[in-house]
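The first residue of the sequence shown is numbered 1, and numbering continues consecutively from there.
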Amino acid sequence: MSFRRAAKVDDNQKEVVALFRKLGWYVLIISQLKNCCDIMVSKNGHTIAIEIKDGKKPPSQRKLSTGELKFEYEWKGAYELVICDEDVIAIDKKIPHISEA
């Protein structure tokens with residue numbers, strides 16, 4: 001019987017998830033799925049597939065795997081690559097905010 005090794009999680013995933021949640025996003029962590037993105041985020045009717053790469057690593061170590069590239073190409077919805085906190089903030093600013101009354 002063969003077992004699949006656990007997918008490697010980027011060192012900054014915990015911080016990226018925490019920042020999305022702090023900004024009011026619902027976060028679903030799916031990084032253990034093969035050939036998929038790392039997380040799905042949703043806020044105010046907008047859902048985005050997010051691939052996380054660690055910005056502290058050299059660009060050669062931040063390349064998307066074959067499976068990640070395939071997912072990005074075939075995904076029919078919003079998709080973003082996040083490398084740092086500024087990327088999360090930029091995504092948050094792109095979506096319309098619903099004011100609380």
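Distance CG/Leu28 to CG/Asp38: 11.5 Å, rounded to 0.5 Å.
Scanning for side-chain contact (heavy atoms from CB on, under 4.5 Å) contacts around Ile29 gives Gln13, Val17, Arg21, Val27, Ser31, Ile39, with sequence neighbours left out. The side-chain hydrogen bond (donor to acceptor under 3.5 Å, both in side chains) test applied to Lys70 returns Glu74, not counting sequence neighbours. Partners of Lys14 by salt bridge (charged side-chain N to carboxylate O under 4.0 Å, His left out), not counting sequence neighbours: none found. With sequence neighbours excluded, the residues that form a side-chain contact (heavy atoms from CB on, under 4.5 Å) with Glu72 are Leu64, Leu69, Tyr79.
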Quick one: side chains of residues 83-95, donor-acceptor pairs under 3.5 Å with protein atoms, not counting sequence neighbours, listed by atom name and distance.
from	atom 1	to	atom 2	distance (Å)
Asp87	OD2	Ile83	N	2.7
Asp87	OD2	Cys84	N	3.2
Asp92	OD1	Trp25	NE1	2.8
Asp92	OD1	Lys43	NZ	2.9
Lys94	NZ	Glu80	OE2	2.8

For residues 48-60, please give each side-chain donor-acceptor pair under 3.5 Å, one per line with the distance, not counting sequence neighbours.
from	atom 1	to	atom 2	distance (Å)
Lys53	NZ	Glu68	OE1	3.0
Lys53	NZ	Glu68	OE2	3.4
Asp54	OD1	Lys56	N	3.0

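Hydrophobic clustering of Ile, Leu, Val, Met, Phe, Trp and Tyr side chains at less than 4.5 Å, counting indirect connections, keeps Val16 apart from Met40.
The ring-ring contact (aromatic ring centres under 6.0 Å, His included) contacts involving residues 48-73 comprise Phe71-Trp75, where partners must be two or more places apart or lie in separate chains.
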